[in-house]
Amino acid sequence: MAKASAEAGAASGELECLRVYSQIVADLSRLAATDPDLTEFLRQVVHQVARAVDIDRIKILRYRPDHGDLLVESGVGWKEGVVGKATLSVGLTSPPGRSIQIGKVIAIENLPASTEYRRSGLLADHDIVSLINAPVTAEGHCWGVLEADSREPRRFSLDTERFMETVANLVGAMVQRKEFEGRVVEAHAEAARELARREVLLREMQHRVKNNFQLIVSLLLLQSNRAEQDGEKKALQSVADRITAIALAHDQLDPRQGLRTVDVSTYLGAICREMADLSDDVAIEADLEPAVMTIDTAVPLGLITNELITNALKHAFDGPGNIRVEFRAGAGIRESTLAVIDDGKGMGPERPGSFGTSLIEALAAQVRGRVDLERPGRGTAVRLFFPPSD
């Protein structure tokens, strides 16, 4: 009798939860129909989601391709200075980053104990233990992430996942409407309309390429989860990291230049921030000179930077240390330089023919460059010299 009563109580609780979810989705839909300001709509969303899932801290993150990060666009329950200023990584070890990369809901019951994800300083500062996030999609690409963060252990039900996904879709629809309205306003003049049309077509192509990258990364992660050998898991993860580095470059292509050019300093800076999330002990500093180069030059530079930092993190340190990435754009007859320098124990003798060495040499050849390896008293310095971009 007691068991039946408990089951009835649980069922009643689930029904009440579904009723609340349905009511809030209906309220937000009605609000969206009134065409409110986007900032006000997002503010209403975070407050309503907090009430629905009974979690104090809710945030909406906006993906910024030009910065390679996620900005806290709106939120409730966070300390002063978080909303509008704090940023999170878009890397695969970041829960919202993983969600935006693979385009799926991510729910984590115990983030501090996770070996797959890294708890950011923002979440650690707020004692976040459990979280759930849903990607916000607008115009076929991931605009951002809706995330609920709990200080108490929380197992999220399938109903909660579906609710978060539904609200994220409402946000995406509102964002898409506002972006469309903005394009219409900008397209009053005939020349402006033609330019906007061209940019939309180029963006669509860019989004399709991005979606292909997401699909490949998802397949690699799926295969990595199924792999039994640790070496195979690491190899698949390494490939996924390289593809993510390429995707960052494509995200920052400028449609006004026909999707041909990338600001190398912004691109390499985004990669450095992604790699910094991989270690709590090793700091990564970037000293990058602004320079616009073609994607054919930028991608090899990004992959070389990714490979050298990865090698240093794996082999150069037994404890705390520093990695410095320097980039100088050549002008006239001066060569451009890219350097990755660490103060670790050194990475041992060079192994000719190794995959990492062969990959770096092949990438250097793509930019008509040469690689110099220095081993001072402590640490390692790898420098790439290559002709200025045309």
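Starting from 1, each residue takes its place in the sequence as its number. All values derive from a computational prediction rather than experimental measurement.
- Inter-residue side-chain proximity for Ile60 and Val145 is flagged as unmet; no heavy-atom pair is nearer than 4.5 Å.
- Annotation: cation-pi geometry not satisfied between Arg368 and Phe386 (NZ/CZ under 6.0 angstrom from ring centroid, within 45° of ring axis).
- Taking all atoms of both residues into account, the shortest heavy-atom contact from Met275 to Leu313 is O-CD1, 4.1 Å.
- In terms of heavy atoms, Asp281 sits closest to Ser279 at N-OG, 3.2 Å.
- At a threshold of 4.5 Å between side-chain heavy atoms, the hydrophobic network of Ile, Leu, Val, Met, Phe, Trp and Tyr places Tyr63 and Leu88 in one connected group.
- Side chains of Thr294 and Asp296: a donor-acceptor N/O pair is absent below 3.5 angstrom, by distance only.
- At least one side-chain heavy atom of Glu40 sits less than 4.5 Å from a side-chain heavy atom of Gln44.
- Minimum heavy-atom separation, Ala270 to Gly68: CB-CA, 4.1 Å.
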Run the numbers on Arg177 and Asp35 for side-chain contact (heavy atoms from CB on, under 4.5 Å), then give the verdict.
-> CA-CA 9 Å; Arg177 181 201 300 178; Asp35 196 24; 3.0 Å; yes
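- Considering all non-hydrogen atoms of both residues, Leu288 and Phe327 come closest at CD2-CB, 3.7 Å.
- A donor-acceptor pair under 3.5 Å is absent between the side-chain atoms of Ser336 and the main chain of Ala329, judged by distance alone.
- Applying the ring pair (Phe, Tyr, Trp, His ring centres under 6.0 Å) test to every pair with at least one member in residues 270-301, sequence neighbours left out, gives no pairs at all.
- Judged by distance alone, with hydrogens and angles left aside, the side-chain atoms of Gln101 form a donor-acceptor pair with the main-chain N or O of Val90 at under 3.5 Å.
- Annotation: side chain of Leu338 is in contact with side chain of Ile304 (closest heavy-atom distance under 4.5 Å).
- Listed by chain and number, the residues in a side-chain hydrogen bond (donor to acceptor under 3.5 Å, both in side chains) with Gln23 are Asp27 (sequence neighbours excluded).
- Under a hydrophobic clustering in which Ile, Leu, Val, Met, Phe, Trp and Tyr are joined whenever their side-chain heavy atoms come within less than 4.5 Å, directly or via other members, Tyr21 and Leu170 fall into the same cluster.
- Remark: side-chain polar atoms of His126 are paired, donor with acceptor, to backbone N or O of Leu122 under 3.5 angstrom.
- Side chains of Thr93 and Tyr117 form no contact here, defined as non-hydrogen atoms less than 4.5 Å apart.
- A distance-only check finds no donor-acceptor pair linking the side chain of Arg43 to the backbone of Ser74 [under 3.5 Å].
- Residues Val105 and Met164 are not in side-chain contact: their nearest non-hydrogen atoms beyond the backbone lie 4.5 Å or more apart.
- Within the 4.5 Å cutoff, the side chain of Ser114 has no heavy atoms near those of the Asn110 side chain.
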Report, one line per pair, each donor and acceptor closer than 3.5 Å where one atom sits in a side chain of residues 317-326; sequence neighbours left out.
residue	atom	partner	partner atom	Å
Asp318	OD1	Lys345	NZ	3.2
Asn322	ND2	Asp343	OD2	3.1
Arg324	NE	Glu326	OE2	2.6
Arg324	NH1	Glu285	OE1	3.3
Arg324	NH1	Glu285	OE2	2.6
Arg324	NH2	Asp287	OD2	2.8

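- Residue Leu71 is not grouped with residue Val136 when hydrophobic side chains (ILVMFWY) are merged at heavy-atom distances under 4.5 angstrom, including chains of intermediate members.
- In terms of heavy atoms, Ala50 sits closest to Val76 at CB-CG1, 4.2 Å.
- No donor-acceptor pair under 3.5 Å is formed between the side chain of Asn306 and the backbone N or O of Gly302.
- With hydrogens and angles ignored, the 3.5 Å screen pairs a side-chain donor or acceptor of Trp78 with a backbone N or O of Ile58.
- Under a 3.5 Å cut-off, the side chain of Glu139 and the backbone N or O of Gln176 do not form any donor-acceptor pair.
- Phe163 has its side chain within reach of Ile24: a pair of non-hydrogen atoms, C-beta onward, lies under 4.5 Å apart.
- When atom types are taken as modelled, the side chain of Thr160 and the backbone of Phe156 share no donor-acceptor pair closer than 3.5 angstrom.
- Residues Pro153 and Ser130 come closest through the heavy atom pair CA-OG, 3.3 Å.
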